[in-house]
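These figures come from a predicted structure and were not determined experimentally. In what follows, every chain begins at residue 1, and chains take the letters A, B, ... in the order their sequences are listed.
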There are 2 protein chains.
Amino acid sequence: MKIGQRRSKQRELILEELRGVTSHPTADELYEMVRKRMPNISLGTVYRNLELLASHGVILKIETGGKNRFDGNSKIHPHLRCTNCGKVEDLDIEVKTEPVDEEKSRGFSITGCNIEYLGLCPDCINLMQDKQTVH
Amino acid sequence: MKIGQRRSKQRELILEELRGVTSHPTADELYEMVRKRMPNISLGTVYRNLELLASHGVILKIETGGKNRFDGNSKIHPHLRCTNCGKVEDLDIEVKTEPVDEEKSRGFSITGCNIEYLGLCPDCINLMQDKQTVH
DNA sequence: TTCCGTGCAAACCCTTTGCACCTTT
DNA sequence: AAAGGTGCAAAGGGTTTGCACGGAA
């Protein structure tokens with residue numbers, strides 16, 4: 001599939017780094033990762049390419065209310081998200097959804113689906129316990 | 001259930017307005033709604049109370065990457081969200097998920113679940129068609 | 001009277017964008 | 001040579017927050 005009209009080293013590196021990791025990084029985390037191989041890349045370029053890749057369905061943008069995160073695996077799959085630190089992990093369960101027929105979709109043309117479980121990750125659970133025992 | 005330590009007219013009005021509507025309003029839309037009945041309320045107060053109500057599970061916060069939206073119905077249910085204008089509607093389908101056992105939850109303590117279908121709403125589909133026929 | 005909740009406005013922070021330059025085609 | 005992509009930094013926009021005041025208990 002064609003992304004943009006010209007290839008760019010920056011875009012290739014960003015996609016490569018994102019695919020090489022399972023951590024669902026934020027734009028600035030990805031920026032730091034790519035910077036190790038291309039020190040002059042700018043944060044704006046990272047944002048522009050992530051947006052471009054996501055809009056073409058090559059990657060997945062995980063919108064969170066805080067910093068958005070990105071997933072190199074664009075196949076629909078459920079996530080686990082920490083409401084405290086924002087960390088996102090893949091969740092290996094099966095989710096069966098009734099097909100959304102025309103009547104139920106209310107005229108929307110559906111292009112994607114997000115399924116996420118929210119909660120506290122182990123690290124944040126520990127942090128909160130520490131806080132409480134301080135008294 | 002007890003929200004905060006004292007009741008406030010502002011909080012009651014916000015909850016009342018949100019519950020009286022099925023449109024999943026943003027914080028500033030809710031601000032305008034409440035302002036008709038209490039002109040001196042501030043946007044900051046609306047944000048503070050929405051956050052408080054959501055954290056107590058009284059309402060639902062729909063995080064979108066753009067403006068967040070709120071739902072007076074806190075029961076878990078799927079949504080339809082327009083990726084262009086941000087509009088959110090309820091989606092009346094059934095979603096069956098395999099229970100998330102301890103092994104699969106990776107140590108997370110799960111407190112909620114978001115299920116949303118993404119796409120273009122009828123209005124935005126029309127807007128895009130208009131754009132294209134302009135040539 | 002106490003002190004939580006509010007109004008106001010400034011600060012914050014993530015993300016987007018304008019512009020001149022560089023790179024791909 | 002043409003024009004898309006980038007680097008840089010400033011602007012943008014939603015949300016949060018500090019502070020003094022007002023109101024619930």
- Donor-acceptor pair, B:H56 side chain versus B:A54 backbone, under 3.5 Å? no

- Query: Rounded to whole angstroms, how far apart are CZ on A:R11 and P on D:dG7?
  - Reply: 12 Å

- Message: On DNA chain C, compare the nucleotides closest to A:R6 and B:V46; which residue's is nearer the 5' end?
- Response: B:V46

- By nearest-heavy-atom nucleotide on DNA chain D, the more 5' of B:T26 and B:S8 is B:T26

- Item | Side-chain N,O (A:N40) to OP1/OP2 (D:dT6) below 4.0 Å | no

- Item | Gap between atoms CD1 and C1', on B:I41 and D:dG23 respectively (whole Å) | 15 Å

- Message: Give me the atom names and distance for the closest heavy-atom approach of A:Y31 to A:I41.
- Response: CE1-O, 3.3 Å

- What are the bounds, 5' to 3', of the part of DNA chain C that sits under 4.0 Å from heavy atoms of chain A? C:dC14 to C:dT25

- Query: To the nearest Å, how far apart are A:Q10 CD and D:dG4 P?
  - Reply: 17 Å

- When all nucleic acid strands are considered with a 4.0 Å heavy-atom cut-off, which category describes A:G65: base, sugar-phosphate, or nothing? nothing

- Query: Could you state the CG-C1' distance from A:N68 to D:dG13, rounded to the nearest angstrom?
  - Reply: 14 Å

- Query: With a 3.5 Å cut-off and no angle check, do the side chains of A:Y117 and B:T97 form a donor-acceptor pair?
  - Reply: yes

- Task: Answer yes if the side chains of B:D71 and B:H79 hold a donor-acceptor pair under 3.5 Å, and no otherwise.
- Result: yes

- Message: Counting distance alone, no hydrogens or angles: does the base of D:dG4 have a donor or acceptor under 3.5 Å from a partner atom on the side chain of A:R7?
- Response: no

- Protein-nucleotide distance (B:L30, atom CG; D:dT15, atom P), rounded to Å: 12 Å

- Please report, rounded to the nearest Å, how far the C1' atom of D:dG5 is from the NZ atom of A:K2. 14 Å

- Distance-only, no hydrogens or angles: does the B:E29 side chain make a donor-acceptor pair with backbone N or O of B:T26 under 3.5 Å? yes

- Message: Under 4.0 Å between a side-chain nitrogen and a carboxylate oxygen: does that hold for B:R37 and B:E17?
- Response: yes

- Assign each of B:D28 and B:Q5 to its nearest nucleotide of DNA chain D by heavy atoms, then name whichever residue's nucleotide is nearer the 5' end. B:D28

- Message: I need the CG-C1' distance between A:L13 and D:dG5, as an integer number of Å.
- Response: 14 Å

Side chains of residues 57-66 of chain A: which donor-acceptor partners sit under 3.5 Å, not counting sequence neighbours?
residue	atom	partner	partner atom	Å
A:K61	NZ	A:E51	OE1	3.0
A:E63	OE1	B:R81	NH1	3.2
A:E63	OE1	B:R81	NH2	2.8
A:T64	OG1	A:G66	N	3.2
A:T64	OG1	A:K67	O	2.7

- Task: Please report, rounded to the nearest Å, how far the P atom of D:dA11 is from the OH atom of A:Y47.
- Result: 19 Å

